[in-house]
Amino acid sequence: MENIENMDWEEIKAPENVEQEMKKIQKNLRTKNRKLVITSIMLALLSLWAIVSIGIPLVEKLYWNPEEITYKNRTDLETTLHAYTELFNPGSQLGRVSTRRIGFATYNLEITLYRNDWHTKEYHFGTLEKNELKLSQSFLTSPSLTIHSAIDTPNKEYFDRMDPWEPRMQKMLETLPGYMQVQAAVSFNEDIPMDELLKFKEDYPMVDITWVAIRTEAISDQWPTLCGMAPWRDGKVYEGMYKDYPYFMMRFNYEPSYLEQHFESLLRYSADQLEKGRGIAVSGNENYYRDTLAYIEENGIYSYGCVVTASPELLLELMNDERVVHMNLNDAWINVDNWFNAA
């Protein structure tokens with residue numbers, strides 16, 4: 001109280017221009033607020049960039065990446081599609097597989113298949129969305145082939161009564177010009193092991209065996225699932241794959257045990273991928289590959305028929321082989337080399 005009474009009130013002066021000082025203060029506040037807003041926006045944009053550039057890719061790694069490569073030079077998706085094509089699409093070969101990202105962990109797929117010794121090209125489509133692979137039914141469905149079970153139809157007399165195929169087949173083959181290339185489904189008179197399959201191939205060096213049907217189920221259950229392999233369709237042996245899946249790709253190593261290992265590797269790879277959430281179920285059956293591996297482990301690997309490609313003349317010779325119980329023509333096209341030679 002005493003201090004207040006002793007103050008010299010004449011020395012305290014009010015600002016000459018209060019309004020001007022208030023404007024300065026307001027201007028400083030607006031500047032600071034503007035900086036704060038800009039800083040907040042920059043931080044928000046930086047956070048958004050981090051989410052888009054770092055966060056989303058990190059989360060996407062939890063899902064199936066169609067460009068992922070385990071074995072050199074080929075994506076896992078391509079290898080999975082290759083195995084499925086060989087097992088279930090007789091006479092077909094996988095061509096190019098194109099993928100296009102259209103959203104978070106979502107891709108469009110375009111699959112090229114070649115049939116008839118690369119003479120026919122087909123396009124199939126699908127999607128891969130968050131680990132769910134959806135393929136067109138045209139890719140998943142095997143071509144319609146008539147390969148009979150020898151145990152169900154053990155002799156030619158059966159077909160003579162039920163399907164007099166030999167006169168019909170002979171007439172068709174004799175009608176076709178020699179420059180044509182013909183695809184046919186051949187049924188054996190009994191299930192044969194791989195050494196006898198190789199002997200059959202050696203007896204007809206100019207006949208191209210494009211696919212081999214393998215007994216994978218009990219006779220009553222074999223139809224309609226056709227399962228087999230195309231061991232004489234050579235390809236690159238990818239680094240590391242031979243150790244994990246012996247003879248997954250064949251390189252002119254045609255021994256009975258190699259053919260058996262090749263078929264087993266196709267099944268094991270397909271089963272392993274499916275169990276990782278990266279594979280293709282067979283007609284919705286998640287256990288098909290493991291069940292088939294168990295069957296062939298118990299019963300061995302035998303073929304009951306095959307798909308062949310040859311000239312009409314060679315097929316006429318083949319249909320008279322005592323090992324052939326039935327033959328059915330599937331397709332035919334011009335062999336350009338034979339056409340020019342004939343001309």
Side-chain angles (χ1 to χ4, degrees), residues 82 84-95 112-122 138-139 141-148 150 165-166 168-189 192 194 196-214 226-235 249-252 254 259 262-263 266 303-343:
H82 167 88
Y84 188 91
T85 300
E86 182 168 346
L87 286 168
F88 304 109
N89 280 296
S92 301
Q93 296 182 72
L94 183 70
T112 306
L113 280 187
Y114 291 94
R115 300 192 191 277
N116 303 337
D117 290 339
W118 300 87
H119 286 81
T120 304
K121 182 190 292 187
E122 297 178 352
S138 61
F139 176 82
T141 303
S142 299
S144 178
L145 293 174
T146 305
I147 301 180
H148 294 282
W165 65 277
E166 288 180 294
R168 172 171 50 84
M169 191 64 53
Q170 182 170 347
K171 182 177 180 180
M172 292 173 64
L173 290 172
E174 289 177 347
T175 302
L176 290 170
Y179 54 76
M180 296 296 292
Q181 198 78 348
V182 184
Q183 184 189 75
V186 174
S187 302
F188 298 138
N189 65 346
I192 62 174
M194 294 301 97
E196 292 186 26
L197 178 67
L198 286 172
K199 178 65 168 59
F200 181 79
K201 178 176 174 56
E202 290 170 1
D203 291 343
Y204 298 96
M206 299 306 293
V207 173
D208 186 12
I209 300 179
T210 60
W211 192 79
V212 178
I214 300 295
L226 284 174
C227 183
M229 59 178 175
W232 293 288
R233 287 291 185 266
D234 300 287
M249 301 296 291
M250 301 289 287
R251 290 298 292 173
F252 307 105
Y254 302 135
L259 297 181
H262 173 69
F263 185 63
L266 289 172
S303 173
Y304 60 93
C306 60
V307 178
V308 302
T309 300
S311 66
E313 182 182 0
L314 285 172
L315 289 182
L316 281 168
E317 181 183 346
L318 184 65
M319 65 177 282
N320 293 316
D321 191 298
E322 62 180 8
R323 292 167 289 189
V324 175
V325 72
H326 189 268
M327 183 185 293
N328 189 64
L329 300 190
N330 299 320
D331 205 347
W333 58 91
I334 294 176
N335 184 311
V336 177
D337 292 335
N338 292 344
W339 186 27
F340 278 112
N341 291 335

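Worth knowing before you read on, the calculation uses all heavy atoms, side chains too, and leaves out hydrogens, waters and symmetry mates.
Taking the side chain as every heavy atom from C-beta outward, Met172 and Pro312 never approach each other to under 4.5 Å. Cys306 places a side-chain heavy atom less than 4.5 Å from the side chain of Phe200. Residues Asn328 and Trp165 are not in side-chain contact: their nearest non-hydrogen atoms beyond the backbone lie 4.5 Å or more apart. Counting heavy atoms from C-beta outward, Leu314 and Tyr204 have side chains that stay 4.5 Å or more apart. The side-chain heavy atoms of Leu226 and Phe88, taken from C-beta on, include no pair separated by under 4.5 Å. Put simply, the side chain of Phe188 does not reach to within 4.5 Å of the side chain of Asp321, judged on heavy atoms. The shortest distance between side-chain heavy atoms of Val182 and Leu176 falls below 4.5 Å. Side-chain contact between Met169 and His326 is absent, with no heavy atoms from C-beta onward closer than 4.5 Å.
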Run Met249 and His82 through side-chain contact (heavy atoms from CB on, under 4.5 Å) and show every step you take. CA-CA 10 Å; Met249 301 296 291; His82 167 88; 3.5 Å; yes
For side-chain contact (heavy atoms from CB on, under 4.5 Å), just list the numbers for Thr85 and Phe139, CA-CA rounded to whole Å, side-chain angles, deciding distance to a tenth of an Å, and then say yes or no. CA-CA 8 Å; Thr85 300; Phe139 176 82; 3.6 Å; yes
Begin with the C-alpha distance, continue with both residues' side-chain angles, and end with the deciding distance and a verdict on side-chain contact (heavy atoms from CB on, under 4.5 Å) for Val308 and Asp208. CA-CA 5 Å; Val308 302; Asp208 186 12; over 6 Å; no
Do Lys171 and Glu166 pass the side-chain contact (heavy atoms from CB on, under 4.5 Å) test, and can you show the C-alpha distance, the side-chain angles, and the key distance before you say yes or no? CA-CA 8 Å; Lys171 182 177 180 180; Glu166 288 180 294; over 6 Å; no
Pair Glu174-Gln170, side chain to side chain donor-acceptor pair (under 3.5 Å): steps then yes or no: CA-CA 6 Å; Glu174 289 177 347; Gln170 182 170 347; 3.0 Å; yes
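Side-chain atoms of Thr210 come within 3.5 Å of backbone atoms of Val307 as a donor-acceptor pair (strictly under, hydrogens ignored). Of the possible donor and acceptor atoms, one in the side chain of Asn189 sits under 3.5 Å from a partner among the backbone N and O of Glu322.
Listed here is the closest heavy atom pair of Ser303 and Ala213: OG-O, 2.9 Å. The heavy-atom pair separating Leu198 from Trp232 by the smallest distance is CD2-CZ2, 3.7 Å. Among all heavy-atom pairs drawn from Ala184 and Met327, the shortest one is CB-CG, 3.9 Å. The two atoms that bring Trp211 and Leu87 nearest to each other are CZ2-O, 3.4 Å, heavy atoms only.
Rounding to the nearest 0.5 angstrom, the gap separating the OG1 atom in Thr112 from the NZ atom in Lys121 is 6.5 Å. To the nearest 0.5 Å, the span separating CG on Leu318 from CG on Leu173 amounts to 10.0 Å. Rounded to the nearest 0.5 angstrom, Glu122 CD and Asn89 CG are separated by 8.5 Å. Here the straight-line distance linking atom CE of Met180 with atom OG of Ser311 works out to 11.5 Å at 0.5 Å rounding. To the nearest 0.5 Å, the span separating CZ on Phe263 from SG on Cys227 amounts to 4.0 Å. Rounding to the nearest 0.5 Å gives a distance of 4.0 Å between CH2 of Trp333 and OG1 of Thr309.
We find that Arg115 and Asp331 are not joined by a salt bridge, their nearest charged nitrogen and carboxylate oxygen being 4.0 Å or further apart.
A donor-acceptor contact closer than 3.5 angstrom links the side chains of His262 and Glu86.
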